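What you see is a predicted model; the values in this text were computed from it and never measured. Along the sequence shown, the residues carry numbers beginning at 1. Counting starts at 1 for both ligands and their atoms, following the listed order.
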Amino acid sequence: MSEQITITRPDDWHLHVRDGDFLQAVLPDTAKQFARAIIMPNLKPPVVTVAQAQSYRDRITAALPKGSSFSPLMTLYLTENTLPEEIVKAKESGFVHAVKYYPAGATTNSDSGVRQWSKVEEVLEAMEQCGLPLLVHGEVTDPAIDVFDRERVFIEDQLIPLILKYPKLKVVLEHITTASAVKFVLTADKNIAATVTAHHLLLNRNALFQGGIRPHHYCLPVLKREKHRQALLDAVASGNNKFFLGTDSAPHPQSLKENACGCAGIYTAHAAMELYAEAFDSIGALDKLEGFASFYGADFYGLARNTSQITLTKQQVKVPSQLQYGSETLIPMRAGEFLVWSFNHES
Ligand code: NCD
Ligand code: ZN
């Protein structure tokens with residue numbers, strides 16, 4: 001008998017599903033594994049108002065496979081023009097669960113992001129007051145700062161002062177990649193948490209240059225050294241409830257990844273739980289997977305935990321070499337290679 005684990009159905013606390021045909025192509029992958037996901041607002045143009053979030057939510061719901069009970073949790077994209085009133089509206093809506101901060105120019109579709117924190121002071125105060133979490137893409141954009149240091153420098157220069165100024169603000173440092181981020185989260189108050197991706201748990205920066213340049217392993221924040229991957233593994237294996245699941249599955253057409261200026265983003269939604277199970281199993285921490293994947297995020301966001309279950313089996317499955325992505329193709333993580341764990345679809 002193969003080894004199996006059954007856990008409460010998980011949620012994905014950081015996900016990109018895009019829009020239109022792309023949305024239609026990727027959403028079923030997430031909906032089959034997760035009950036809910038925090039939907040990133042970095043569309044073009046970005047989702048900046050509650051009304052836009054509502055219509056994006058309707059498009060997502062309409063794109064769900066028949067019979068799916070998946071529920072999208074919406075976010076607003078913070079700009080220097082966001083009004084405090086919109087925050088109050090967001091909180092009252094019941095379907096907007098957070099506000100996403102992108103430093104202007106840091107990553108895919110982040111041009112409308114924030115340049116100066118001083119421009120969003122009232123908005124942050126409103127969020128602190130009504131308990132709406134700020135989801136932070138934690139990297140500085142200064143081209144003079146080494147790309148591998150941008151997360152650490154952001155924490156030191158921007159995030160520490162920010163949480164001192166807004167001590168009650170709920171903050172999720174998204175897709176953490178370094179030992180500095182782990183340390184920051186561990187030492188901060190309980191209103192500060194972090195999401196961790198499967199790819200940052202499984203890959204170090206060597207994966208970018210394995211026998212040649214590997215554009216499908218390029219994401220932001222960029223993969224880091226092995227010692228940082230180990231720090232992330234230690235953090236999730238500790239069972240600390242400040243660290244929870246956020247895939248940051250970020251699909252891009254193959255043509256824009258295999259490009260002289262390739263886009264950042266790794267697609268993992270096709271095998272999200274299989275990849276997390278592999279990472280936790282690799283360090284003998286499968287008993288910590290359920291808290292990380294199914295409990296701590298819901299608790300942080302003040303939402304009920306899920307009640308249904310999923311089962312994973314330790315059994316190799318091959319990942320397709322490509323997936324259809326609207327009229328384009330998408331290269332998923334592990335394309336043409338094997339997963340160690342498989343997801344039981346009938347559960
Ligand atoms: C994300 C995307 O493609 O939207 N890319 C990525 O590399 N993670 C944006 C982001 O979360 O930084
Ligand atoms: Zn992201």
Contacting atoms of ligand 1, where contact means under 4.0 angstrom from a heavy atom of [X]:
X	answer
Cys219	7 (O)
His14	11 (O)
His137	12 (O)
Ala264	3 (O), 5 (N), 6 (C), 7 (O)

Which is it for [X] and ligand 1 at heavy atoms under 4.0 Å: side chain, backbone, both or neither?
X	answer
Glu174	neither
Asn42	side chain
Arg18	side chain

Within 2.8 Å of the Zn ion (ligand 2), is there any N, O or S atom belonging to [X]?
X	answer
Asp248	yes
His137	no
His175	no

Checklist entry - Just checking, Lys288 and Phe280: is the charged tip under 6.0 Å from the six-membered ring centre and within 45° of the axis? => result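 Judged by the rule, Lys288 and Phe280 form no cation-pi pair.
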Checklist entry - When you measure from the centre of the six-membered ring of Phe148, is the NZ or CZ of Arg205 under 6.0 Å away and within 45° of the axis? => result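 Yes, cation above the ring, under 6.0 Å and within 45°.
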Checklist entry - How are the rings of Tyr325 and Phe22 set to each other: parallel, tilted or perpendicular (split at 30° and 60°)? => result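 Parallel, since the angle between the ring planes stays under 30°.
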What I want to know is whether [X] and ligand 1 share at least one N or O pair that is separated by under 3.5 angstrom.
X	result
Ala250	no
Lys100	no
Tyr102	no
Gly265	yes
Ile266	no

Next on the checklist: Checking side-chain hydrogen bond (donor to acceptor under 3.5 Å, both in side chains) between His252 and each of His216, Glu328, Arg18, which is the one that passes?
Outcome noted: Arg18
Checklist entry - Can you tell me the N, O or S atom of His16 that's nearest the Zn ion (ligand 2)? => result NE2
Checklist entry - Yes or no on side chain to side chain donor-acceptor pair (under 3.5 Å) for Glu125 and Gln129, after CA distance, side-chain angles and deciding distance? => result CA-CA 6 Å; Glu125 280 161 21; Gln129 248 164 41; over 6 Å; no
Looking at [atom], what's its closest protein heavy atom, distance included?
atom	answer
atom 7 (O) of ligand 1	Leu220 N, 2.8 Å
atom 12 (O) of ligand 1	Thr107 OG1, 2.8 Å
atom 1 (C) of ligand 1	His16 NE2, 3.6 Å
atom 8 (N) of ligand 1	Asp248 OD2, 2.7 Å

Does a side-chain N-to-carboxylate-O contact under 4.0 Å join [X] and [Y]?
X	Y	answer
Lys89	Glu92	no
Glu139	Arg152	no
Glu121	Lys165	yes

Checklist entry - Hey, is CD1 on Ile160 packed in by over 12 heavy atoms from elsewhere, all under 6.0 Å? => result yes
Next on the checklist: Quick check on Arg59: does its CZ atom have over 12 non-hydrogen neighbours (other residues, nucleotides or ligands) under 6.0 Å away?
Outcome noted: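 Buried by this count: over 12 neighbours within 6.0 Å.
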Checklist entry - Is the closest heavy-atom distance from Met40 to ligand 1 below 4.0 Å? => result no
Checklist entry - Gln116 and Lys119: side chain to side chain donor-acceptor pair (under 3.5 Å), yes or no, with the steps? => result CA-CA 6 Å; Gln116 286 174 279; Lys119 299 268 174 60; 3.0 Å; yes
Checklist entry - Are the side chain of Ser68 and the backbone of Leu64 linked by a donor-acceptor contact shorter than 3.5 Å? => result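 No.
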Next on the checklist: I'd like to know whether His200 forms a ring-ring contact (aromatic ring centres under 6.0 Å, His included) with His175, so could you lay out the CA-CA distance, the side-chain angles of the two residues, the decisive distance to 0.1 Å, and finally the verdict.
Outcome noted: CA-CA 8 Å; His200 289 107; His175 41 53; 7.1 Å; no
